[in-house]
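Some notes on the structure that comes next.
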Amino acid sequence: MNKILSTSLLLLISAFSASAQNASIAPQAAIPIPTFKQDTVSIETLGAVSGGHQLNTKSINKAIDDIHTKGGGVVLIPAGVWLSGPIVLKSNVNLHLAANALLLFTKDFTQYPLVKTSWEGIPQMRNQSPIWAFEQQNIAITGKGIIDGNGDAWRMVKKAKMTETQWQKLLASGGVLNEKKDIWYPSESSLKGASFKDPGLVEKGKNEQFYQGVKDYLRPNLILLEKCQRILLEGVTFQNSPAWNIHPLMSRDITVRNINVRNPWYSQNGDGIDIESCQNVLLEHSTFDVGDDAICIKSGRNEAGRERAMPTQDLWVRNCTVYHAHGGFVVGSEMSGGAKNLYVDNCTFIGTDIGLRFKTTRGRGGVVENVYINNIYMKDIPGEAILFDMYYEAKDPIALTGEHREPPKVEMLPVTEATPQFKNFYINNVICEGAAKALFIRGLPEMPIRNIELTKLKINADEGIDIQEASSIKLKDISLSTRKQKSLAYLLNSKNIEIDNLVFDKVANLLHVQGDRMGAVSIRNTNIERVKEPVKADFGASKNTITFK
């Protein structure tokens with residue numbers, strides 16, 4: 001406790017080399033850590049009872065209110081099982097969970113009032129988050145306990161994600177099925193909500209009666225910290241969230257360290273942490289095992305995000321481990337306010353669907369730029385080790401059994417404010433043992449992904465490199481071991497591609513280039529003597545655009 005309540009510190013974040021090609025150094029950041037008075041009140045003194053039967057909402061909120069009114073301090077959750085409805089965190093309060101404390105949120109949905117907030121980057125009506133703070137300063141959630149959102153009571157579940165035994169057990173618990181009998185919903189209200197395109201959207205024509213009719217569908221995020229300053233999350237396990245797990249929104253000066261974030265692998269929208277339109281953020285020494293993206297950077301969706309115009313910026317992620325997730329470190333797809341100055345260092349991804357995942361789509365707009373990633377270690381990646389995709393379709397990255405997917409229609413459209421951009425990424429020292437594909441870059445014909453530098457990649461994958469609609473891509477010191485691909489690298493309508501010191505296993509073709517807009521490709525310091533046909537060119541592409549040095 002004394003360590004938690006120590007005097008204010010300025011956290012100096014060590015700099016690291018962004019890439020071997022780009023010698024720029026990550027700037028140092030000074031993030032103020034919240035500090036609190038020694039005054040402590042236990043929720044037991046205000047009538048809270050452990051055991052999981054009594055609802056302790058009033059006792060916990062009163063403890064927070066009392067400490068807040070007195071100028072701040074610590075609200076202690078002792079060891080035990082404490083059932084509660086939604087909690088409102090207030091300025092200068094540290095909600096501290098002792099070892100073996102389990103703060104369990106109720107399955108009674110009537111305890112969660114509907115509130116106007118933001119969901120996936122646009123104004124929405126949602127059930128109030130189990131822990132919510134709005135326009136507060138100097139707040140913390142610390143300790144060694146567990147916060148459980150009882151998310152299984154809220155979430156829909158796809159049959160394809162469960163074994164037959166699990167599915168039958170779920171059906172026996174109650175709930176209802178959709179018409180195709182392949183998605184389970186916890187209630188009729190939840191199923192009704194799924195029948196609308198965007199039931200929570202705040203818009204004309206929807207009244208209180210409408211929202212109440214689909215209330216069960218409007219799942220809350222477990223932790224929502226909206227428009228707050230000086231935040232500390234430390235030591236606690238956050239698990240079983242109804243929707244996203246931790247959601248800092250339009251907040252700043254955030255430190256997250258030594259936390260565990262857990263959700264079932266099948267949990268719909270079961271993200272780990274979604275950092276949206278925030279500034280000055282440190283996330284370190286934490287683990288994630290979740291049902292959707294693990295560490296995700298966002299800034300609003302489409303017109304609403306562009307109008308908000310609040311990028312996520314000045315963010316450091318280091319020394320984190322991700323197990324199951326759709327993506328290890330992710331930007332998008334709701335990135336319409338932009339993202340910049342992101343620094344990621346020394347992270348490990350084991351079994352994530354995709355390792356480094358950058359996703360967007362037409363209509364988003366926004367610019368993601370100045371991203372520096374160093375020292376990433378991966379194992380058993382079912383999809384791409386590194387992915388940039390501007391055709392995101394809001395689907396799981398790995399197709400489910402029996403699911404058929406068509407490739408996107410490729411067409412040149414005018415560039416507008418709704419055209420997204422990815423540029424200025426520097427990725428260095430990535431080691432991956434096992435992936436479906438090493439690198440996938442897919443831009444738009446009217447807006448190529450550009451200025452991407454990748455150095456010191458060592459990847460063992462089924463397939464190698466796939467670059468489409470991209471410009472100014474540099475790869476240096478790349479070692480690839482591929483198992484299924486005849487051509488090590490496929491390039492479509494891309495230009496100014498530089499490959500320097502590529503080491504590879506035996507393949508039929510080094511490059512396969514396609515498209516009448518294919519431009520210059522330069523290959524240096526690469527042994528092509530054992531490749532029978534170094535370059536294959538068709539569908540408008542010419543071998544003359546390829547130079548070997």
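As a basis for the values below, the full set of heavy atoms in this structure was taken, side chains included, without hydrogen atoms, waters or symmetry mates.
Although no hydrogens or angles enter the test, the distance criterion places no donor-acceptor pair under 3.5 Å between the side chain of Ser333 and the main chain of Tyr392. Side chain of Ser299 to backbone of Met335: a donor-acceptor contact under 3.5 angstrom is found. Under the 3.5 Å distance criterion, the side-chain polar atoms of Thr287 are left unmatched by any main-chain donor or acceptor of Asn260. For the pair Ser91 (side chain) and Gln137 (backbone), a donor-acceptor distance under 3.5 Å is present. Judged by distance alone, with hydrogens and angles left aside, the side-chain atoms of Arg306 form no donor-acceptor pair with the main-chain N or O of Gly300 at under 3.5 Å. A distance-only check finds a donor-acceptor pair linking the side chain of Thr312 to the backbone of Lys298 [under 3.5 Å]. Looking at Asn127, its side chain does come within 3.5 Å of a backbone N or O of Leu218 through a donor-acceptor pair. Looking at Thr352, its side chain never comes within 3.5 Å of a backbone N or O of Ile350 through a donor-acceptor pair. A donor-acceptor pair is defined here as one N or O able to donate and one able to accept, closer than 3.5 Å; no such pair exists between the side chain of Thr419 and the backbone of Glu417. Asn263 places a side-chain N or O within donor-acceptor distance of the main-chain N or O of Asn240, the cut-off being under 3.5 Å.
Summarising the local packing, OH of Tyr323 is surrounded by 12 or fewer heavy atoms from other residues, nucleotides or ligands at distances under 6.0 Å. Within a 6.0 Å radius of NZ in Lys161, more than 12 heavy atoms belonging to other residues, nucleotides or ligands are found. No more than 12 heavy atoms of other residues, nucleotides or ligands sit less than 6.0 Å from atom NZ of Lys458. More than 12 heavy atoms of other residues, nucleotides or ligands sit less than 6.0 Å from atom CD of Gln514. Atom NZ of Lys495 has 12 or fewer neighbouring heavy atoms from other residues, nucleotides or ligands inside a 6.0 Å radius.
Separation of atoms CG (Leu315) and CD (Gln279) is listed at 11.0 Å; rounding is to 0.5 Å. The OH atom of Tyr343 sits 10.5 Å away from atom OH of Tyr426, with the distance rounded to the nearest 0.5 Å. Ile146 contributes atom CD1, which lies 11.5 Å from atom CZ of Phe238 (distance to the nearest 0.5 angstrom). In this structure, SG in Cys432 is found 5.5 Å from CE in Met378, a value given to the nearest 0.5 Å. Between atom CD of residue Glu334 and atom CZ of residue Arg301 there is a gap of 6.0 Å, rounded to the nearest 0.5 Å. The CD1 atom of Ile223 lies 8.5 Å from the CG atom of Leu95; values are rounded to the nearest 0.5 Å.
Salt-bridge annotation for Glu234 and Arg257: present, with a side-chain N of the basic residue lying under 4.0 Å from a carboxylate O of the acidic one. Using a 4.0 Å cut-off between a side-chain N of Lys or Arg and a carboxylate O of Asp or Glu, Arg357 and Glu384 do not qualify as a salt bridge. Looking at Arg442 and Asp389, a side-chain N of the basic residue comes within less than 4.0 Å of a carboxylate O on the acidic one, giving a salt bridge. A salt bridge links Glu463 and Lys437; the closest N-O separation between the charged side-chain nitrogens and carboxylate oxygens is under 4.0 Å. One finds a salt bridge joining Asp293 and Lys359 here, because a Lys/Arg side-chain nitrogen approaches an Asp/Glu carboxylate oxygen to under 4.0 Å. Ion pairing between Arg308 and Glu276 holds under the 4.0 Å rule for side-chain N and carboxylate O.
Residues Val88 and Phe134 are not in side-chain contact: their nearest non-hydrogen atoms beyond the backbone lie 4.5 Å or more apart. Two residues are said to be in side-chain contact when any heavy atoms from C-beta on lie closer than 4.5 Å; Phe105 and Ile131 meet this criterion. Residues Leu283 and Ile273 meet the side-chain proximity criterion, which asks for heavy atoms closer than 4.5 Å. Using a 4.5 Å cut-off on side-chain heavy atoms (C-beta onward), Ile147 and Val236 make contact. For the pair Asn138 and Phe36, the minimum side-chain heavy-atom distance is below 4.5 Å. By the 4.5 Å heavy-atom criterion applied to side chains, Val368 and Thr360 are not counted as neighbours. Residues Ile141 and Leu97 have side chains in contact (heavy-atom distance under 4.5 Å, counting atoms from C-beta outward). Looking at heavy atoms from C-beta onward, Ile246 lies out of side-chain contact with Val256 at the 4.5 angstrom threshold.
Counted by atom type alone, Asn428 and Thr455 present one or more donor-acceptor pairs between their side chains at under 3.5 Å. Donor-acceptor pairing under 3.5 Å is recorded for the side chains of Asn501 and Asp477.
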(message) Could you walk me through whether Asn374 and Asn429 satisfy the side-chain hydrogen bond (donor to acceptor under 3.5 Å, both in side chains) test, starting with their C-alpha distance in whole Å, then the side-chain angles of each, then the deciding distance to 0.1 Å, before giving a yes or no?
(response) CA-CA 6 Å; Asn374 208 40; Asn429 194 33; 5.9 Å; no
(message) If you apply the rule salt bridge (Lys or Arg N to Asp or Glu O under 4.0 Å), what do you find for Arg517 with Glu469, and how did you get there?
(response) CA-CA 9 Å; Arg517 290 182 288 107; Glu469 304 289 358; 2.7 Å; yes
(request) Apply side chain to side chain contact (heavy atoms under 4.5 Å, CB included) to the pair Tyr377 and Asn346, showing each step before the final yes or no. (result) CA-CA 8 Å; Tyr377 310 100; Asn346 285 308; 4.2 Å; yes
(message) Evaluate Glu120 against Trp244 for side chain to side chain contact (heavy atoms under 4.5 Å, CB included), listing each step before the verdict.
(response) CA-CA 10 Å; Glu120 294 189 332; Trp244 297 348; 3.8 Å; yes
(request) Give the C-alpha distance, both sets of side-chain angles, the deciding distance and a yes or no for side-chain hydrogen bond (donor to acceptor under 3.5 Å, both in side chains) between Asp353 and His326. (result) CA-CA 5 Å; Asp353 290 343; His326 284 346; 2.9 Å; yes
(request) Let me see the working for Gln124 and Asp198 under side-chain hydrogen bond (donor to acceptor under 3.5 Å, both in side chains), right down to the final yes or no. (result) CA-CA 9 Å; Gln124 292 264 328; Asp198 201 345; 3.0 Å; yes
(message) Quick one, Leu457 with Ile386, criterion side chain to side chain contact (heavy atoms under 4.5 Å, CB included). Give me CA distance, side-chain angles, the key distance, then yes/no.
(response) CA-CA 10 Å; Leu457 308 186; Ile386 304 171; 4.2 Å; yes
(message) Quick one, Ser472 with Asn451, criterion side-chain hydrogen bond (donor to acceptor under 3.5 Å, both in side chains). Give me CA distance, side-chain angles, the key distance, then yes/no.
(response) CA-CA 5 Å; Ser472 300; Asn451 195 19; 6.0 Å; no
(message) Let's go through Ile478 and Ile499 carefully: what are the C-alpha distance in whole Å and the side-chain angles of both, what is the deciding distance for side chain to side chain contact (heavy atoms under 4.5 Å, CB included) to 0.1 Å, and is it a yes or a no?
(response) CA-CA 8 Å; Ile478 310 298; Ile499 301 174; 5.8 Å; no
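Cys320 approaches His285 most closely through the heavy-atom pair SG-N, 3.9 Å. Nearest heavy-atom pair, Ile122 versus Ala304, reported as atom, atom and distance to 0.1 Å: CG2-CB, 3.9 Å. In this structure, Pro264 and Arg155 approach most closely via the heavy-atom pair CG-NH2, 3.4 Å. The shortest heavy-atom contact between Ala133 and Leu89 is CB-O, 3.6 Å. Listed here is the closest heavy atom pair of Pro199 and Phe196: CD-O, 3.6 Å. Across all their heavy atoms, Phe422 and Phe358 have their closest contact at CE1-O, 3.6 Å.
Cation-pi geometry between Arg126 and Trp119 is met: the NZ or CZ atom falls under 6.0 Å from the ring centre, inside 45° of the normal.
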